K.L.:
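Below is a structure I'd like to ask you about.
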Amino acid sequence: MPELPEVETVARGLERALKGRRILSLRLNRADLRWPLPAGLADAVQAQRVVAVGRRAKYLLVHLEAGSVLLAHLGMSGRLVIGGASGDGRHDHVVITLEDGVVVRFNDARRFGLLDYAPTVAALESHPRLKGLGPEPLGNQFNGPALAASLAGKKTPLKAALLDQRVVAGLGNIYVCESLYYANLSPRRLARTVTGARAETLAQAIRDVLQRAIAAGGSSLRDYVQATGELGYFQHHWAVYGKEGKPCPGCDCGKGIRRIVQSGRSTFYCARRQR
DNA sequence: CTTTCGTCCTGACTGC
DNA sequence: TGCAGTCAGGACGAAA
């Protein structure tokens, strides 16, 4: 489940493999992707050199020399596999061939992911998929007061608010659970009650959790480039996510980590520590 | 306007 | 061993 740290890790690995290389072709293998490729995408990227690979929220941004940008979202199961075929190739929906024999496959069994395109960097800002996204949690715009302002008046549970990409961009179920744990805040708390020092603590917890995860992902970059496409981020150790019934690592309450369902998604938390 | 909910998709897992 | 059933989740659009 790629969230911000995983996408950041992929972006760094991709940049290392693609930067400076020219795209020779982009081939679509199946027409029934959930979000069809933009018309003319293959022609638009043809013969373009990759100048950089970046990230906005959970979107990968492949910057091309003409100033255009190829966007990729990995959804739940999406991967960008560098090199050999991924598995039996059944889910290699898009294959991009570059100079020097470099091949990137957009492989996505569940097809929740997507590719998109912005003709210019200026258009990127107002691209339908990026417009309306909240601040980057690791950027300068994100801090306690900004987070409190976004949560002000919100009657939804804090958990749901943090999953809203308009509030803060790039968090998914895992890192929301982890951040709330380290901030000692209950996922059930009304979002609008998070102000002042609480918002400051939460903003800092979000940044810390993400930075630690990126650091861990960075150490497995070598694995990422392998033909298997494995990222290694499944080996992350979480404090609460997926830990139902396990002891809370931060207190001796004995009741352990609880799992509840909010908005149809699992939430993991310590009911004693998180208030 | 805000908020909630259903939809999509299939591999991995559970239980009989 | 086999098979049916359940679960996971991001983005989006419809409904409330």
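Order of the sequence lines fixes the chain letters, A, B, ..., with proteins taken first and strands second; residue numbering starts at 1 for each chain. In this text, all values refer to a predicted model and were calculated from it rather than measured experimentally.
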K.L.:
Rounded to whole Å, please give me the gap between CZ in A:R34 and C1' in B:dG6.
P.N.:
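A:R34 atom CZ is separated from B:dG6 atom C1' by 13 Å.
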K.L.:
Begin from the C-alpha positions of A:W238 and A:E178 and carry the test side chain to side chain contact (heavy atoms under 4.5 Å, CB included) through to its verdict.
P.N.:
CA-CA 7 Å; A:W238 317 115; A:E178 295 293 307; 3.2 Å; yes
K.L.:
Taking OP1 and OP2 of B:dT2, is either one under 4.0 Å from a side-chain nitrogen or oxygen of A:K155?
P.N.:
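Answer no for this pair, as no side-chain N or O of A:K155 is under 4.0 Å from OP1 or OP2.
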K.L.:
Working note: A:R56 + A:E136, criterion salt bridge (Lys or Arg N to Asp or Glu O under 4.0 Å); need CA distance, chi angles, decisive distance, verdict.
P.N.:
CA-CA 7 Å; A:R56 172 74 170 110; A:E136 283 291 321; 3.0 Å; yes
K.L.:
Assign A:R259 to base, sugar-phosphate, or nothing according to its heavy-atom contacts below 4.0 angstrom with the strands shown.
P.N.:
sugar-phosphate
K.L.:
Got a donor-acceptor contact below 3.5 angstrom from the A:Q262 side chain to the A:P157 backbone?
P.N.:
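Here the side-chain-to-backbone pair does not exist.
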K.L.:
Is any side-chain nitrogen or oxygen of A:H91 closer than 4.0 Å to OP1 or OP2 of B:dG11?
P.N.:
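For B:dG11, OP1/OP2 do have a side-chain N/O of A:H91 under 4.0 Å.
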K.L.:
Of the nucleotides C:dG10, B:dT4, C:dA8, which one has an atom closest to the side chain of A:T156?
P.N.:
B:dT4
K.L.:
Nearest whole angstrom, please: distance from the P of B:dT2 to the CG of A:D164.
P.N.:
10 Å
K.L.:
Please tell me which of A:G153 and A:R265 maps to the more 5' nucleotide of DNA chain B, matching each residue to the nucleotide holding its nearest heavy atom.
P.N.:
A:G153
K.L.:
Tell me: CG of A:L163 to P of C:dC12, nearest whole Å?
P.N.:
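Answer to the nearest Å: 15 Å.
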K.L.:
Give one of base, sugar-phosphate or nothing for A:S77, where a contact means two heavy atoms less than 4.0 Å apart.
P.N.:
nothing
K.L.:
Give the nucleotide from the list B:dT3, C:dA8, C:dA11 with an atom nearest to the side chain of A:H73.
P.N.:
C:dA11
K.L.:
Could you state the atom-to-atom distance from CG of A:N173 to C1' of C:dA8 in whole Å?
P.N.:
9 Å
K.L.:
Would you kindly give the CZ-to-P distance between A:R111 and B:dC9, to the nearest whole Å?
P.N.:
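Between P of B:dC9 and CZ of A:R111: 6 Å.
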K.L.:
Using a cut-off of 4.0 Å on non-hydrogen atoms, how would the nucleic acid contact of A:G172 be classed: base, sugar-phosphate, or nothing?
P.N.:
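Sugar-phosphate, no base atom in range.
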K.L.:
Roughly, in whole Å, what's the span from CG in A:L74 to C1' in B:dC9?
P.N.:
16 Å
K.L.:
B:dT4 C1' sits how many Å from A:K159 NZ, rounded?
P.N.:
14 Å
K.L.:
Side chain of A:R110: nearest nucleotide among C:dG10, C:dA8, B:dT4?
P.N.:
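Output: C:dA8.
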K.L.:
Could you state the atom-to-atom distance from CG of A:L114 to C1' of B:dC8 in whole Å?
P.N.:
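Distance, rounded to whole Å: 13 Å.
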K.L.:
Among the candidates C:dC12, B:dG11, C:dG10, find the nucleotide nearest to the side-chain atoms of A:R129.
P.N.:
C:dC12
K.L.:
Could you check A:E99 against A:R22 for salt bridge (Lys or Arg N to Asp or Glu O under 4.0 Å), going step by step and ending with a plain yes or no?
P.N.:
CA-CA 6 Å; A:E99 292 175 323; A:R22 199 177 290 279; 3.8 Å; yes
K.L.:
Please check: side-chain N/O of A:Q46 versus main-chain N/O of A:L24, any donor-acceptor pairing under 3.5 Å?
P.N.:
yes
